[in-house]
**Student:** 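Sending over a structure as structure tokens; questions will come in a sec.
Lettering follows sequence order; numbering is per chain, from 1. Bear in mind that the values here come from a model prediction, so they are computed numbers and not experimental data. The basis for the numbers below is simple: all heavy atoms, side chains too, and nothing from hydrogens, waters or symmetry mates.
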There are 2 protein chains.
Amino acid sequence: MRLKPVARKSLSDAVFEQLSQEIVHGRMRPGTPLPSERALCDVLRVNRGAVREALKRLSQAGLISIQHGGGTRVLDFKQTASLDLLNRLLFHHDGTVDLRVARSVMEMRAAMAPDIARLAALRRSPGQVLQLDEVVAAMAAQEHDLLALQVLALQFWDLLTLCSDNIAYQLAFNGLRHTYEGMREALVEVMSEELRDLAAYRRIADAVRRKDGEGAGQSAQALMQHGSRGILQLLAALEHPDEDRAADGEEDDDDEQ
Amino acid sequence: MRLKPVARKSLSDAVFEQLSQEIVHGRMRPGTPLPSERALCDVLRVNRGAVREALKRLSQAGLISIQHGGGTRVLDFKQTASLDLLNRLLFHHDGTVDLRVARSVMEMRAAMAPDIARLAALRRSPGQVLQLDEVVAAMAAQEHDLLALQVLALQFWDLLTLCSDNIAYQLAFNGLRHTYEGMREALVEVMSEELRDLAAYRRIADAVRRKDGEGAGQSAQALMQHGSRGILQLLAALEHPDEDRAADGEEDDDDEQ
DNA sequence: ATGGTCAACTGGTCATACCAGTTTAAATGG
DNA sequence: CCATTTAAACTGGTATGACCAGTTGACCAT
């Protein structure tokens, strides 16, 4: 019997949640004016402070634009939002994972990881090498527990990103990690091959030890390919449920904008 | 006579600004408890609503942790914040650009751009190819106006990111663009070589047209190297103001944080 | 056509309650 | 004396009603 901490959300959180869902995969196109704060209070049955807190957060997230005296309008989040939004985009209304978003995350991860490893090798401190070794050793010890491996792998990359001494990577990694953790359990299967490739993690750690940027980058790239391949197969399976179809004609339904 | 829209910030914006600056490069270490909301009202001389709006935003940005009944404490933003924060990290108190942050942005850009170009080549629609051509043509027309080129280059990458059909890249690009625009004028010199390399932009566009992912990626990588080299030179120049010094020993003045 | 005025919006600020959790320390029982 | 219970005294969360401050558009005078 596993119990989880009960989710406790404030009113403004609920309002934020509702409005952001409505905007992100709702019928509110960019430019659409939101109801006035007082009207929202009326509809949502909450006080104006809660509405204002939520609106301020939506504004910060790049989902709406607020103008004193003017009004509040929906923005095109694909042009104004930032990585934080991935969490909300990852799931459909019904709770299923949006595999296009998942693929996006895996692709970005695959592009960043080699450079992170490369920089880490060039800039790591002696102490950080030891920490990396510890994580790799822990992974070797838990070789058969996939969920434990997942946590350790995240720790490994967290550490490596720290070594890279690149604040942009660190912040981007935080965002990706949040998203990844949202679909962690769902991806255990897809990632299993990557997680089990302990030798690859060790190769990266070794390359970092000898300050071999190129080697670290190449090892990281090779490691990433496992997960990427998994996601691609999963996508292909869902898009072409019938295995035999080999149609490769591209659709031209993309002149909508 | 060039006039800009007057900056108009609300109280909660001001509070958010002040607190985030204090946290990001202030003396508030992670774990430090913030004053209570009522105490903040007293110190900042504003009403509680404004304080709460600011605190909610800080919480969303990953800078603080709010607990009902408990208190509000400072988080380690390097582990919890996301790319949005780059804007605030980019400038020191005195308004000068933090070149370490700038270098981070350039590095991340250099890692992402080739993959964006590669994916764009694989997934672009016919219409998008034409749009890319238009931007390149516009760049050719404004060949000698660096600021115009900068705007067009951003447009080029915006378009390319759209072609890549990768929502994570799009969102990350939004964040990076905000940061980049913050230091755009300061970087005109550093980027001039890259901006003038019209042939490279054209190579990318051509590769995208013939769906040559590898070619697009390689061209993008080559293009990025201009800007990266510029930033590295600038960093080296600032760290070793005396040109003749060939000392390559690394300073250890970085344990300040 | 231009600029001014006014009324009816919009969001922004304020003060004052009170509700709801958490923490602290005093009161209580052993 | 110590462990437990209890009750303030915090903390953040919600509610209300008023008023300030910009924006818009209709109307009017010039």
**Student:** To the nearest Å, how far apart are A:D13 CG and D:dG12 P?
**Tutor:**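 Computing the A:D13:CG to D:dG12:P distance gives 15 Å.
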**Student:** Enumerate the protein-to-nucleotides 4-7 of chain C contacts in which both atoms are nitrogen or oxygen and the separation is below 3.5 Å.
**Tutor:**
none

**Student:** When rounded to the nearest 0.5 angstrom, what distance separates CG in A:N166 from CZ in B:R103?
**Tutor:**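 Nearest 0.5 Å value for the CG-CZ distance: 7.0 Å.
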**Student:** Within this structure, what is the CD1-CG distance for the pair B:I116 and B:L159, rounded to the nearest 0.5 Å?
**Tutor:**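 It is 12.0 Å, given to the nearest 0.5 Å.
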**Student:** Taking atom CG of B:L152 and atom CG of B:L147, what is their separation to the nearest 0.5 Å?
**Tutor:**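 Spacing of CG (B:L152) from CG (B:L147) equals 11.0 Å.
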**Student:** Is atom CZ of B:R184 surrounded by more than 12 heavy atoms (other residues, nucleotides or ligands) closer than 6.0 Å?
**Tutor:**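 More than 12 heavy atoms, drawn from other residues, nucleotides or ligands, come within 6.0 Å of this atom.
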**Student:** Among residues 45-52 of chain B, which residues get a heavy atom nearer than 4.0 Å to DNA chain D?
**Tutor:**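 Those residues are B:R48, B:R52.
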**Student:** Between the side chain of B:N174 and the main-chain N/O of A:K78, is any donor-acceptor distance below 3.5 Å?
**Tutor:**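 Yes; at least one donor-acceptor contact below 3.5 Å.
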**Student:** Between atom CZ of B:R57 and atom CG of B:L19, what is the distance when rounded to the nearest 0.5 Å?
**Tutor:**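 Result: 11.0 Å between the selected atoms.
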**Student:** Given atom CG of A:L11 and atom C1' of C:dC19, what is their separation to the nearest angstrom?
**Tutor:**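 Taking atom C1' of C:dC19 as the reference, CG of A:L11 is at 12 Å.
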**Student:** Let me confirm one number: the CH2-CZ distance from A:W157 to A:R177, rounded to the nearest 0.5 Å.
**Tutor:**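 Taking CH2 in A:W157 and CZ in A:R177, the distance rounds to 14.0 Å.
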**Student:** Mark up nucleotides 6-11 of chain D, 5' to 3', with B wherever a protein heavy atom is under 4.0 angstrom from a base atom, S wherever such an atom reaches only the sugar-phosphate, and - elsewhere.
**Tutor:** -----B
**Student:** Could you state the CZ-C1' distance from B:R57 to C:dG12, rounded to the nearest angstrom?
**Tutor:**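 Distance check: B:R57 CZ to C:dG12 C1' gives 14 Å.
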**Student:** State the CD-CD distance between B:Q150 and B:E181, to the nearest 0.5 angstrom.
**Tutor:**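 Taking CD in B:Q150 and CD in B:E181, the distance rounds to 9.5 Å.
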**Student:** Check the distance between D:dT16's C1' and A:D42's CG and give it to me in whole angstrom.
**Tutor:**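 After rounding, the gap between these two atoms is 14 Å.
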**Student:** Expressed as a whole number of angstroms, how long is the span from B:L40:CG to C:dT13:P?
**Tutor:**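 Result: 16 Å.
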**Student:** Can you say whether the rings of A:H93 and A:H25 are parallel (under 30°), tilted (30 to 60°) or perpendicular (over 60°)?
**Tutor:**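 A:H93 vs A:H25 ring planes: tilted.
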**Student:** Hey, does the side chain of B:S20 reach the backbone of B:F16 with a donor-acceptor pair shorter than 3.5 angstrom?
**Tutor:**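 Answer holds: yes.
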**Student:** Whole angstrom is fine here: how far is it from CD in A:E53 over to P in D:dG13?
**Tutor:**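 Taking CD of A:E53 and P of D:dG13, I get 8 Å after rounding.
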**Student:** Tell me the interatomic distance from B:R8, atom CZ, to D:dA21, atom C1', rounded to whole angstroms.
**Tutor:**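 Roughly 10 Å, once rounded to whole Å.
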**Student:** If every non-hydrogen atom of A:E194 is compared with every non-hydrogen atom of A:G227, which pair is closest and at what distance?
**Tutor:**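 In terms of heavy atoms, the two residues are closest at OE1-N, 3.0 Å.
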**Student:** What is the distance, rounded to the nearest whole Å, between atom NZ of A:K9 and atom P of C:dA20?
**Tutor:**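 Rounded to the whole Å, the gap is 18 Å.
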